[in-house]
Amino acid sequence: MSILDVKRLSVNYGEVRAADSVSFSLEPGQILGLVGESGSGKSTVALGMLRLLGAPAHISGGEVNFQGQDILRMDDETLRALRWRDISVVPQSALSALNPVLSIGEQFRDTLAPHGAAHLAPEAMERVELDPKHLDSYPHQLSGGMRQRVALALALALSPKLVVMDEPTTALDVVVERQILRRVMALQREQGFAMLFVTHDLSLLMDFATDIGVMYAGRLVELGPASAFKAGGRHPYTQGLRKSIPPALNEDREPYSIPGAPPRADQPPSGCRFHPRCGLATARCASQEPSKDHFSRSGQESVHWASCWELNHAS
Amino acid sequence: MTRIFTSLWKSRQARVGMGLLLFFFLMAFVGPFLVGDPLAFDGRPLLGPSAEHWLGTTGQGQDVLAQTVVGARTTLLVGLITGSLVVLIGALVGGLAGTLGGKTDDGLSLLINIFLVLPGLPLMVVLAAWLPAGPVSMCAVLVLTGWAWNARVLRAQALTLRQRDFVAAAQVSGESWIRILFVEILPNMTGLMVSSFIGATIYAVGAQVGLEFLGLGDLGVVSWGTNLYWASNDQALLTGSWWTFVPTGFCIALLGFALTLINFGLDAVTNPKLAHPQRVGPTPFIPSAVTPSPVSRAAKP
Amino acid sequence: MKAAAGWLARRLGFYVIAAIVAVVLNFLIPRLMPGDPASVLFARFQGDLDPEAIEGLRKTFGLQDAPLHEQFYSYISALAHGDLGLSVAYFPTPVSEVLGEGLMWTGLLAGGAVLISFVLGSSLGALAAWKKGGPLDTVLPPLLAFLGAFPYFWLAMLAAWVFGFQLDWFPLRHAYADNLAPSFSWPFIQSVISHAFLPALTMVLVSLGGWLLAMRNTMIGVLGAEHVRYAQARGLTPRRILVHYAARNALLPNVAGFGMALGFVLSGALLTEVVFSYPGTGLLLLTAVRGQDYPLLQGLFLAITFAVLSANWLVDVVTVALDPRTRT
């Protein structure tokens with residue numbers, strides 16, 4: 001059974017719909033990467049489904065079933081009980097996410113003590129290769145990489161079933177990013193939690209995600225196993241993203257970028273939202289929203305679909 | 001300025017404030033022609049309110065209504081003039097510090113901070129005690145003790161403006177700092193200067209009334225502060241003659257409240273953060289009745 | 001800790017400079033005023049005072065016909081010995097003695113009222129922001145803004161008239177009952193409290209709105225901060241978030257503001273003392289003005305300034321204790 005089942009989730013910022021009818025599910029131990037440009041709605045989906053967005057954001061439709069319970073319709077106390085014991089979050093910037101005037105240790109205690117687990121803090125620090133003496137430090141005294149490790153340690157301290165990572169390494173340099181991700185993957189294998197990993201870096205996801213979802217202008221446009229993306233992906237936007245990954249030194253090709261710019265969130269294009277930038281677009285793309293095309297090969301459990309009218313030509 | 005006024009008019013608080021302010025302007029500048037001589041001894045002392053003396057008489061047998069109305073003129077004039085001077089000095093000192101930066105800023109900031117930290121009333125009292133009593137001395141004392149707060153606020157604003165692109169561009173193209181201060185910086189601080197002016201006027205009215213209450217004004221001039229001085233001097237509290245101090249105090253409070261309301265309105269206009277605050281707690285679930293359907297939307301050519 | 005010590009030392013340096021400015025202003029003001037202060041003074045006091053008092057005045061102001069720098073030297077050396085001259089109104093008591101008791105009562109009344117007002121106002125402001133648009137948030141700010149528009153002393157007059165004169169619930173004047181001698185006995189303490197109640201109440205009422213609004217506005221900003229959302233994601237109780245993640249952070253800039261506003265609030269407090277004939281520095285100020293007691297006036301200015309500067313430095317120490325970022 002899925003641990004998380006998101007059905008037609010829509011999130012609004014006031015009148016503007018930032019995420020439109022997004023559906024996906026997560027099995028225990030699965031690593032789903034959500035990729036898209038900034039403003040595509042990927043973080044909105046990840047934080048919105050946990051009801052972590054402040055006003056003027058609100059959920060305008062859908063279901064988010066976690067272990068069979070709908071998070072969106074839960075009362076505040078039930079939701080609070082779920083938080084951190086079952087679901088944890090690694091924020092994009094631990095510097096702004098941690099309270100600057102409380103020590104790391106105090107913030108661990110605030111988080112773990114209600115679950116009777118305050119004694120786990122030193123162990124959690126060691127698990128992400130941090131010296132427990134840093135529990136006495138304040139956030140501003142640590143380096144960026146160390147702070148992200150603290151956030152990771154906090155997220156994994158209670159061995160949750162689902163960890164949502166909201167661009168956890170975007171602010172770090174590549175070397176530190178790889179170090180931390182290696183640690184994350186080792187811990188994931190150890191603890192077996194399901195993970196939703198939000199990033200703008202498709203190449204990163206292809207290295208470790210089991211599945212990948214691609215978002216464009218508030219919509220999920222393709223979802224499938226990572227292997228399918230390594231093979232090139234189906235949706236024209238996915239293919240564009242694949243091609244815009246900077247070429248390796250020994251590769252002989254020009255760097256590519258998708259023509260045009262993403263649409264404004266308050267004025268999404270009609271039909272397929274990618275059509276103004278798509279080389280394959282026809283009149284139908286501009287007027288009708290494409291339906292999902294499923295191409296799960298027989299014998300494979302993972303779903304793979306993309307929404308595009310011109311898929312046969314695109315593949 | 002027109003733009004500020006137009007957006008102010010949209011705020012209900014500011015409209016109430018401006019209405020009240022208009023009332024006090026009429027009271028101060030038209031009212032004195034409608035009431036009798038505030039200094040004439042035309043009744044028995046400490047008469048309660050009656051048809052003849054609507055607000056009663058003072059300990060000297062003067063008409064309280066006439067004193068209240070005429071007092072508005074002096075108090076408002078001194079308040080407005082002081083408010084303007086305070087903003088003028090604040091804009092010049094603060095603007096200069098913010099525009100020039102470096103050593104000038106260090107020196108001026110030190111001066112500003114020293115004047116901020118010195119307690120106002122004792123300094124005012126010492127100054128007022130040595131100066132000859134009168135409206136000019138009063139303004140001088142109030143300006144000298146009150147300029148620093150505005151200078152501080154306006155300096156901070158000038159400092160952020162200086163880092164904007166258009167000021168940087170002007171600097172690179174070699175414009176003199178005088179031009180930068182008067183053409184690029186000060187005109188972009190109008191909103192803040194208006195609210196500073198209102199704040200400074202509130203301060204000036206309050207401080208002036210306080211000093212006069214202590215007996216440090218010209219006691220021969222009718223103003224809201226001297227009204228309260230005489231009320232206190234004539235033992236209003238011990239004789240229970242509330243009408244000698246209630247009307248004036250109420251006017252002072254209402255004037256201050258009106259100015260505060262206008263500033264609230266200004267704040268709501270210029271500070272969007274307060275208008276759209278974050279809500280704390282889980283994101284609400286508000287199913288939208290109308291889901292925008294992209295299919296129904298006509299394709300753009 | 002080293003950085004904090006350095007910062008506190010720099011702040012101390014600033015207050016020392018401010019104190020020097022106050023001392024110099026105190027010296028210059030009587031001398032730079034239009035007219036000749038010596039003749040003004042002597043014209044006022046000739047005949048009223050015995051020659052000894054006039055000699056005291058002369059000494060206090062250094063108004064011998066000496067050049068300015070010599071006058072300054074004798075002024076400074078007298079000051080260094082705590083010699084502020086003799087009071088005219090309380091002749092022949094030295095000004096420093098008159099000041100001592102006044103400072104104590106003001107510290108008790110104004111200090112207490114300012115602290116109560118700050119703590120209460122900040123708490124209410126935090127709650128108003130937490131439940132934005134709730135009853136607390138819609139009723140209190142405009143009500144307190146209206147109360148805050150009244151001059152302190154006028155509200156004090158009203159309170160004295162209603163609760164002291166009409167209803168006779170509280171004593172009208174002085175710091176304790178005339179028939180009691182100061183002691184650490186319960187009746188005396190009771191008398192001090194009942195005498196301080198009305199003046200303290202008016203001070204709190206007038207200044208409460210300022211603290212409330214400042215805290216409310218800072219809180220609204222902090223509540224939108226990332227660390228509050230992250231605390232919420234971690235399932236912390238709303239109460240814990242309110243106190244430790246929002247209010248505590250919002251308090252920091254307001255503590256700094258508290259120091260800045262101290263001098264201003266004190267001015268109102270001094271006038272309140274006048275209304276209640278409370279024997280603090282405010283009443284001394286009035287006595288000095290009415291009795292043209294210039295030595296006392298100058299002494300009051302210096303004493304109150306030094307008190308405010310010291311209080312500001314204490315606030316800085318509190319800031320360091322509250323904000324770990326200043327400590328490293």
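Not measured: the values here are computed from a predicted model. These numbers come from the heavy atoms of this one structure, side chains and all, not from hydrogens, waters or symmetry mates. Within every chain, numbering begins at 1; the chains are lettered A, B, ... in the order of the sequence lines, protein sequences first and strands thereafter.
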Side-chain donor-acceptor pair present, C/Thr106, C/Thr281, cut-off under 3.5 Å: yes
Segment of A/Thr111 engaging chain C (4.5 angstrom heavy-atom cut-off): both
CE-CZ distance between C/Met203 and C/Phe153, expressed to the nearest 0.5 angstrom: 13.5 Å
A/Leu4 CG to A/Phe24 CZ distance, which is reported to the nearest 0.5 Å: 6.0 Å
Region of A/Ala151 that comes under 4.5 Å of a non-hydrogen atom in chain C: both
Nearest non-hydrogen partners of C/Ser122 and C/Trp211, listed with the distance: N-CB, 4.3 Å
Donor-acceptor side-chain pairing of A/Ser60 and A/Ser10 below 3.5 angstrom: no
Minimum-distance pair of heavy atoms, taken over all atoms of C/Arg216 and C/Pro141: CD-CG, 4.5 Å
Test item: side-chain donor near acceptor, A/Asp75 and A/Thr78, under 3.5 Å: yes
Residue pair A/Pro122 / A/Pro132: nearest heavy atoms and the distance that separates them: O-CG, 3.8 Å
A/Leu26 and A/Phe66, any side-chain heavy atoms less than 4.5 Å apart: no
Most contacts with chain A, counted as non-hydrogen pairs under 4.5 angstrom, among C/Glu226, C/Arg234, C/His244: C/Arg234
Short side-chain to backbone donor-acceptor contact, A/Glu27 and A/Ile3, under 3.5 Å: no
Part of C/Arg240 lying under 4.5 Å from any heavy atom of chain A: side chain
Taking every non-hydrogen atom, the tightest pair across A/Trp84 and C/Ala233: CE3-O, 3.2 Å
Neighbours of chain C found in residues 35-48 of chain A - heavy atoms under 4.5 Å: A/Leu47
Which of A/Leu112, A/Val164, A/Leu98 touches chain C most, by non-hydrogen pairs under 4.5 Å: A/Leu98
Partner chain A: residue of C/Leu236, C/Leu322, C/Asp323 with the largest heavy-atom pair count (under 4.5 Å): C/Leu236
Pairing of C/Asp137 and C/Lys131 as salt bridge, 4.0 angstrom limit: no
Interface residues of residues 99-110 of chain A facing chain C - heavy atom cut-off under 4.5 Å: A/Asn99, A/Pro100, A/Val101, A/Leu102, A/Gln107, A/Asp110
